[in-house]
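Naming convention: chains lettered A, B, ... in sequence-line order (proteins, then strands); numbering from 1 in each chain.
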2 protein chains.
Amino acid sequence: MRFVDRRSGLEVIERDECLRLLAAEAVGRVAVVHGGRPYLFPVNYALDGEAIVFRTAEGTKLDAAVRGAFAVFEIDGHDRELRSGWSVITTGTVEEVVDPNDLDRLGQLDLQPWAPGARAHWVRLRPASLSGRRIVTREEP
Amino acid sequence: MRFVDRRSGLEVIERDECLRLLAAEAVGRVAVVHGGRPYLFPVNYALDGEAIVFRTAEGTKLDAAVRGAFAVFEIDGHDRELRSGWSVITTGTVEEVVDPNDLDRLGQLDLQPWAPGARAHWVRLRPASLSGRRIVTREEP
């Protein structure tokens with residue numbers, strides 16, 4: 001059964017499918033507020049349970065994590081010919097992972113940063129909300 | 001000649017190539033701050049000169065535009081097997097397009113919103129900054 005968001009007209013992707021998509025993808029984008037301005041970063045990430053984890057060097061992402069800032073994380077996909085697409089958005093606070101047991105477990109994940117340079121810090125976003133939307137292919141008007 | 005960002009170790013995508021990538025892609029993400037929190041939306045967009053334009057219904061994106069909010073717009077691509085990727089990020093204020101001449105011109109663009117429902121408003125982001133980064137494929141360590 002398919003549910004449609006009445007406001008947007010988009011099909012709702014249910015929670016289990018959102019998690020499946022998060023587990024299947026490798027690259028997402030995280031947005032945080034810093035000094036009143038939005039910042040947006042692409043990251044390669046992994047799932048640790050239902051939490052988004054990624055590695056980072058010093059900088060705005062880590063600053064946000066240390067502050068326990070509120071963040072948005074997004075993945076999406078689209079088919080240009082079909083003019084269809086989907087996105088999954090999760091929000092929550094970000095934190096630096098410092099617990100040694102957690103770090104041991106994260107070290108087992110297949111997550112090497114793609115970018116060069118030392119990325120010694122792990123950042124975790126624990127989803128407080130998780131939602132997905134899909135544009136289903138329509139007939140041309 | 002290739003330039004490398006000394007801080008991140010990433011290859012710098014120069015301005016002309018950023019604009020070429022913006023012209024070639026169809027879907028990006030816009031982040032704005034609303035009530036102190038980050039919001040992130042995937043949008044299908046077009047270029048009008050060097051400005052990013054997209055269509056929207058009422059909501060947070062339009063509210064931000066009407067406020068002249070500062071926004072970040074991002075496009076990216078990646079190759080999972082090669083562990084390589086690129087992104088182009090542009091920042092600037094967003095505004096609703098209301099000038100009839102502008103609206104006439106935008107109406108000529110090949111930009112139909114993919115999502116269902118009325119998206120009567122045009123939003124424009126005039127880039128104040130434009131930058132791109134590329135992760136070049138490396139040999140496995």
What about [X] and [Y], same hydrophobic cluster or not, with Ile/Leu/Val/Met/Phe/Trp/Tyr joined at side-chain heavy-atom distances under 4.5 Å?
X: Tyr39(B); Y: Ile75(B); value: yes
X: Val27(B); Y: Leu106(B); value: no
X: Val12(A); Y: Leu19(A); value: no
X: Phe70(B); Y: Leu62(B); value: no

For [X] versus [Y], what's the shortest heavy-atom pair and its separation?
X: Pro38(A); Y: Ala31(B); result: CG-O, 3.6 Å
X: Ala24(A); Y: Arg80(B); result: O-NH1, 2.6 Å
X: Val33(B); Y: Gly36(A); result: CG2-O, 3.7 Å

**Message:** Is Ala71(B) close to chain A through its backbone or its side chain, or both, or neither, when contacts mean heavy atoms under 4.5 Å?
**Reply:** backbone

**Asked** Which one, Asp76(B), Leu40(B), Val30(B), Val72(B), leads in non-hydrogen pairs under 4.5 Å with chain A?
**Response** Leu40(B)

**Request:** Taking ring pair (Phe, Tyr, Trp, His ring centres under 6.0 Å) as the test, write out the residues that go with His78(B), two or more places apart.
**Result:** Trp114(A)

